[in-house]
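As the structure lists them, so they are numbered: ligands from 1, and atoms in each ligand from 1. The analysis underlying the following values was restricted to heavy atoms, covering all of them including side chains, and did not include hydrogens, waters or symmetry mates. Small disclaimer: the values here were computed from a predicted structure and weren't measured.
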Amino acid sequence: MIKTSTDPFETFASWYRDAQCHPAIPDASAVNLATVSSSGAPSSRMVLIKDCSSDGFVFYTNLSSRKAGELKANPNAALCFYWAPLGRQIRIEGRVIQVSGDEADAYFATRPIESRIGAWASRQSEELESRKILAGRIAKTAARFAGRTVSRPPFWSGFRLTPDRMEFWTNRSGRLHDRVGFERIAADRWRRFLIYP
Ligand SMILES: Cc1cc2nc3c(=O)[nH]c(=O)nc-3n(C[C@H](O)[C@H](O)[C@H](O)COP(=O)(O)O)c2cc1C
């Protein structure tokens with residue numbers, strides 16, 4: 001049986017450390033993010049988690065993107081990490097809220113200059129006629145900010161997903177995998193339970 005704390009964030013932190021230290025896992029922070037449109041249709045894509053604590057899991061994106069539009073209409077979302085070399089999956093479900101402007105500014109300032117310029121130049125998730133148009137937008141943005149700090153675009157920020165359910169899965173032989181679920185029953189109390197594989 002896998003060892004999990006009574007606090008799912010402690011177990012998350014321990015598993016996340018293992019994934020970050022594993023030589024065969026190139027980026028432990030990569031996670032699948034699922035959102036739901038206002039009409040109930042799901043969509044998913046990968047994002048990078050930039051902060052995680054008992055307050056939740058933070059990722060950054062363009063606020064005009066498809067995912068951001070879906071999250072604004074319906075804040076329910078799910079994350080799924082899978083670290084194959086460790087045989088571990090973590091599922092996280094909850095609701096998102098946008099991070100503060102100060103928090104987003106602080107993270108944006110740590111990004112490489114190309115990523116900051118790219119954030120201004122990309123109309124993420126819109127149709128793009130040609131790569132030439134994107135290259136032109138990047139050149140224009142770079143010229144506009146030449147010699148100046150590239151500030152955070154008003155249309156770029158982060159979301160914090162605060163979980164109300166988490167599940168820790170470990171690969172076991174014969175497909176009899178271990179699954180341990182956690183359901184939030186109060187602000188800082190969780191019910192822990194086993195789940196059939
Ligand atoms: C490993 C990986 C990490 C990614 N991280 C991010 C991210 O942190 N933020 C982001 O906006 N897009 C990220 N992307 C791109 C998204 O998967 C997606 O293509 C983009 O955000 C547009 O999604 P949307 O149209 O559903 O909004 C990442 C892609 C990969 C493969």
N/O donor to acceptor pairs below 3.5 angstrom from side-chain atoms of residues 45-52, sequence neighbours left out:
unit_1	atom_1	unit_2	atom_2	d
Arg45	NH1	Leu33	O	3.0
Arg45	NH1	Thr35	OG1	3.1
Arg45	NH1	Ser43	O	3.3
Arg45	NH2	Thr35	OG1	3.3
Arg45	NH2	Ser43	OG	2.8

### Task
Could you establish whether Phe59 and ligand 1 come within less than 4.0 Å of each other, counting only heavy atoms on the residue side?
no

### Message
Leu48 versus ligand 1: do any nitrogen or oxygen atoms come within less than 3.5 Å of each other?
### Response
yes

### Task
Give yes or no for whether the N/O distance cutoff of 3.5 Å, strictly under, is met between Asn62 and ligand 1.
no

### Task
Compute the centroid of each ring, for Phe168 and then for Phe12, and state whether the two points are separated by less than 6.0 Å.
no

Under 3.5 Å, which donor-acceptor pairs link side chains of residues 84-95 to any protein atom two or more places apart or in another chain?
unit_1	atom_1	unit_2	atom_2	d
Arg88	NH1	Asp18	OD2	2.8

### Query
Starting from atom 22 (C) of ligand 1, which protein heavy atom do you reach first, and at what distance in Å?
Lys67 NZ, 3.6 Å

### Query
What is the minimum heavy-atom distance between Ala119 and Phe108, and which atoms define it?
CB-CE1, 3.8 Å

### Message
If I compare all heavy atoms of Trp190 with all of Arg165, which pair ends up nearest, and what's the gap?
### Response
CZ3-N, 4.1 Å

### Query
Any luck finding a side-chain donor-acceptor pair between Ser29 and Asp27 under 3.5 Å?
yes

### Summary
Among Val47, Thr35, Thr61, Leu71, closest by heavy atom to atom 7 (C) of ligand 1 is Val47

### Message
Taking the ring of Trp15 and the ring of Phe81, is the distance between their centroids below 6.0 Å?
### Response
no

## Note on the structure
among protein heavy atoms, the one nearest atom 25 (O) of ligand 1 is Ser125 OG, 2.6 Å

### Task
Within a distance under 4.0 Å of any heavy atom of Tyr60, pick out the atoms of ligand 1 and give their elements.
7 (C), 8 (O), 9 (N), 10 (C), 11 (O)

### Message
Checking a contact table here: which protein heavy atom is nearest atom 12 (N) of ligand 1, and how many Å away?
### Response
Gln124 NE2, 3.8 Å

### Query
Hey, is atom 19 (O) of ligand 1 under 4.0 Å from any protein heavy atom?
no

### Task
Counting heavy atoms only, name the option from Glu70, Arg45, Met46 that's nearest to atom 14 (N) of ligand 1.
Met46

